[in-house]
Amino acid sequence: MSFPTNGVYMIKNVGRDLMLGLKDNNTAEGTPIQGFVRNGTVAQQWVIKRQEQPGSFSSMSVSIQSNNKGFNGNGYFAAVSDDSDEPIIYTKHASIIDLVGHVDDTFTMSFTLGNKNLVLSIPSGRYNEVKLENFVQGSARQQWEFIRVSNLQK
């Protein structure tokens, strides 16, 4: 497995074949993060930066910021509370994400300071909300692929 290096990425939900996106490309506090068909817009671009956190061979800590206004990131996503079925929203408050790698180069994502059993998911096939969900081994709706778009700006 190869972890993403610092750069700009699109993040694809493997099970739903949807991209992680900022709803309506809106950077207002509390805007929902959604799964959306791939359209290549900046609303689906995320700045990944490795963080100096203790990790292991199978996990890594990163910050993930919206690339909406460029400048190597300008806002984050977070959950309102550390509970299952909690929607993921846009916020100006930084949070660190733990990536746990799988042999197929996909990852599960959880918040470093949260319950490690709660991971990002698109649980419904009918709705495109990104939520926290209790980890289920092998669930494709909880697995994410990182597709590199570009390097960080200098």
Side-chain angles (χ1 to χ4, degrees), residues 1-38 43-68 73-148:
M1 93 195 75
S2 62
F3 287 100
T5 57
N6 291 353
V8 179
Y9 291 80
M10 290 188 296
I11 305 172
K12 177 182 155 187
N13 183 274
V14 175
R16 304 292 183 214
D17 197 29
L18 298 172
M19 306 307 285
L20 191 69
L22 190 54
K23 186 173 183 179
D24 299 326
N25 202 24
N26 184 349
T27 57
E29 187 81 17
T31 296
I33 303 299
Q34 65 180 5
F36 199 77
V37 295
R38 184 175 180 166
Q44 295 179 348
Q45 294 179 10
W46 300 91
V47 174
I48 307 295
K49 295 179 184 173
R50 290 183 178 217
Q51 301 298 308
E52 299 298 324
Q53 299 283 333
S56 69
F57 175 73
S58 63
S59 68
M60 180 181 70
S61 296
V62 298
S63 64
I64 302 178
Q65 296 173 271
S66 165
N67 194 40
N68 177 277
N74 73 328
Y76 303 85
F77 59 79
V80 175
S81 69
D82 195 20
D83 197 7
S84 65
D85 203 38
E86 194 63 39
I88 304 300
I89 60 167
Y90 179 86
T91 182
K92 301 288 187 199
H93 303 286
S95 55
I96 305 298
I97 305 293
D98 285 336
L99 302 179
V100 176
H102 304 281
V103 294
D104 61 356
D105 281 336
T106 63
F107 300 88
T108 52
M109 295 190 280
S110 63
F111 291 101
T112 300
L113 298 178
N115 178 341
K116 297 294 181 209
N117 194 47
L118 294 175
V119 297
L120 268 68
S121 177
I122 301 179
S124 172
R126 295 180 68 197
Y127 304 104
N128 59 357
E129 299 166 308
V130 178
K131 295 186 173 189
L132 287 179
E133 185 177 51
N134 287 307
F135 176 73
V136 176
Q137 183 69 38
S139 172
R141 70 179 181 265
Q142 297 176 347
Q143 294 178 359
W144 302 86
E145 177 184 350
F146 289 75
I147 303 162
R148 191 173 187 88

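These figures come from a predicted structure and were not determined experimentally.
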Polar side-chain atom of [X] near backbone of [Y] as donor-acceptor pair, under 3.5 Å:
{"X": "Q137", "Y": "F135", "answer": "no"}
{"X": "N6", "Y": "R50", "answer": "yes"}
{"X": "N13", "Y": "R141", "answer": "yes"}

[X]: which residues meet the side-chain hydrogen bond (donor to acceptor under 3.5 Å, both in side chains) condition with it, sequence neighbours left out?
{"X": "N115", "answer": "none"}
{"X": "R148", "answer": "T5, Y9, N151"}
{"X": "T91", "answer": "E29"}
{"X": "E145", "answer": "none"}

Problem set entry | Under 3.5 Å side-chain donor-acceptor pair for Q142 and T108 | no
Restricting to non-hydrogen atoms, name the atom on [X] and the atom on [Y] that form the minimum distance, rounded to 0.1 Å.
{"X": "Y76", "Y": "I64", "result": "CD2-O, 3.5 Å"}
{"X": "W144", "Y": "L120", "result": "NE1-O, 3.1 Å"}
{"X": "Q51", "Y": "S63", "result": "NE2-OG, 3.2 Å"}
{"X": "F107", "Y": "P4", "result": "CZ-CD, 3.9 Å"}
{"X": "E133", "Y": "P123", "result": "OE2-CB, 3.3 Å"}

Problem set entry | For E86, all residues meeting salt bridge (Lys or Arg N to Asp or Glu O under 4.0 Å), sequence neighbours excluded | none
Problem set entry | Results of salt bridge (Lys or Arg N to Asp or Glu O under 4.0 Å) for R16 - residues two or more places apart only | none
Problem set entry | Identified side-chain contact (heavy atoms from CB on, under 4.5 Å) partner of T31 from the options D24, N26, I89, N25 | N26
Exercise. Between K131 and E129, is the closest basic N to carboxylate O distance under 4.0 Å?
Worked result: yes
